[in-house]
Amino acid sequence: MASEKTSTPAESAELGRPSLLSRINKRLELSSVDAGRRSNADLDPVPPHRRTWRTHNFVMYWISDNFSPSGFRNAASLMLIGLSWRDSLVCITIAQFIIGCVIVLNGVVGSKYHINFSVQSRASFGYYFSYLMIVMRMIVGIFWYGIQAYTGAECVRSIIYAIWPSFHKVANTLPASANIDTQMMTAYIVYFIIILPVHFIPMRHLKWLFTIKSITTPIVGFAIMGWVIHKVGVSNTSLWTQKTTLHGSKLAWTFLSGLYANIGTWSTLAVNVPDFTRYAVNDKSAFITALVLPATGCLITFFGVVAAAGSNILYGQVLWDPLLLIDNWTSPGGRAAAFFCAFFFLISQIGVNIAANSISAANDLNCLFPRYINIRRGQIIVAFIGSWALTPWNILTGAPAFISFMSGYSVWLGPIAGILLSDFYLVHKQKYDVWELYNKHGIYRYNKIGTNWRAFVAFFAGWVPLLPGFIPTVNSAITVSAGATHLYYLGYFYGTGAAALSYYLLCRFWPAQETMIERAVLPDMDVIQGHDGEYMEEGIEAALGEEYIVGKEGRY
């Protein structure tokens, strides 16, 4: 009997049978994709029944974000450059209050229009120029995901030390060129296995993770501080008696440098905070950020100072890392305490990495490839690239210049934040047409190439003057004038302010009239404006379809 003839893809198409490539494409394509709007369920405005974040949820979020191993280390760098612990606390508190205000102001866009940063950026930068801003933000998220993953692995290693003390003696079988030993690689793999399932939790449900974190991590902080005080009392140590060693203008510029560095730590969230506030129940839910962020930052930094002071007495060395401190608890009771501290620090670190890096970068990928990538798929991609492709252990041990470069990334993020705020509050008076933001031929395209030239000019005005002062932080062999260095220390203030002012003036004298609308068009208004200028049916259900809103819940 003759064998059956195999059809080519073209013949299969002619016969009505899809080719292998088309079947794979169909399998990968999201069921909620809207090709006309280049959007999907995760990119669209959040519908009412998924807006579940209330004021207390944002309080819990910021408490959990600050109470982490990184929070314990906040004062270390400032004290090493000459500030006392008191001045360091003041510097950190002021920095977090300033950035908290920026976060609140930019977060209103998300809580009012229920869109993420990726969509918001189109209103000011233009439909296609916004993609550059999105890519820049995504790179930061993926990079810090890897760095935070390494810290998470340190938590896992401390847990293993507490359960099996013999793990301290595990021999290293990796070469020195690997920049990581067997113990740490084991902990890193375990951490990755633990965090991977967390990426599948929908954003609207993550509030419970932050609630757990906000309860457990402060308890750990108070416990460590209480233990230290119990062991050594409040005796004067070199840390407690340390005075600021700088004076005059040198002190002022060093303080501003520390202020800039601590503001820069949160500059990414200042840009993409709509990724979270879009889930808010009302416009004012996230306002509490301006108070919670500096209060918790000051408290956790004080915990770190106390723990470091005590470690100097107990172990003869200053341990800024709380994980290194608890690794010294080797008695049976001490190991049990170390286990619980490290375990809750691990939960904290997972929450920080998901909230600050994974979700944000996934939103950016979602916007770049809405046909195939939603937030869940984006998080998995970010996890593998950040954890394994970047090999953070190599970055931490062998690329100090690259770390300095990424730490100074606020040189670019500040101007982005400035333009976003200027556009929303000063230029468009908080009035956007949310549906036009999804229309690549709509009013926010600005021109044929989808670029708002005003934002282009303002963006460069915000960061180019800072570049001379930034370069020596990456390459110490290069020297620049004191004026350039001092301007860089004012980087976030200058970058944000100069970009915001430049953008406002350009829009004032050369306004984009097509984007100026009489009233805001919100996703759940009683009516929405059609492309023909007439008003149509009702709200978000009319735009996306009630079946879409309810029926896609499982995939949202």
Ring centres under 6.0 Å, that's the criterion: do Tyr488 and Tyr260 meet it? yes

Out of Trp320, Phe345, Phe302, which one pairs with Phe72 under the ring-ring contact (aromatic ring centres under 6.0 Å, His included) rule? Phe345

Given Phe67 and Phe222, is the ring-ring contact (aromatic ring centres under 6.0 Å, His included) satisfied, shown in steps? CA-CA 11 Å; Phe67 277 82; Phe222 278 108; 7.6 Å; no

One pair to check against ring-ring contact (aromatic ring centres under 6.0 Å, His included): Tyr188 and Trp388. What are the steps and the verdict? CA-CA 10 Å; Tyr188 194 84; Trp388 300 107; 5.1 Å; yes

Side chain to side chain, Thr296 and Leu299, heavy atoms closer than 4.5 Å: no

Could you walk me through whether Gln379 and Ser358 satisfy the side chain to side chain donor-acceptor pair (under 3.5 Å) test, starting with their C-alpha distance in whole Å, then the side-chain angles of each, then the deciding distance to 0.1 Å, before giving a yes or no? CA-CA 6 Å; Gln379 285 194 85; Ser358 176; 2.8 Å; yes

If every non-hydrogen atom of Ala153 is compared with every non-hydrogen atom of Met184, which pair is closest and at what distance? CB-CE, 3.5 Å

Can you find a heavy atom in the side chain of Asp87 that is under 4.5 Å from one in the side chain of Leu78? no

Are the side chain of Arg54 and the backbone N or O of Val281 linked by a donor-acceptor pair below 3.5 Å? no

Counting heavy atoms not belonging to Phe97, are there more than 12 under 6.0 Å from its CZ? no

Could you tell me whether the side chain of His168 reaches within less than 4.5 Å of the side chain of Thr330, counting heavy atoms only? no

For the aromatic rings, using the six-membered ring if either is Trp, is the centroid distance between Phe276 and Phe210 under 6.0 Å? no

Parallel under 30°, tilted from 30 to 60°, perpendicular over 60°: which one fits the rings of Trp53 and Tyr279? tilted

Given Ser118, which of Asn366, Asn363, Asp364 fulfils the side-chain hydrogen bond (donor to acceptor under 3.5 Å, both in side chains) condition? Asp364

So which atom in Ser214 and which in Met60 form the shortest heavy-atom distance, rounded to 0.1 Å? OG-SD, 2.7 Å

Do the two ring centres, one from Tyr150 and one from Trp393, sit under 6.0 Å apart? no

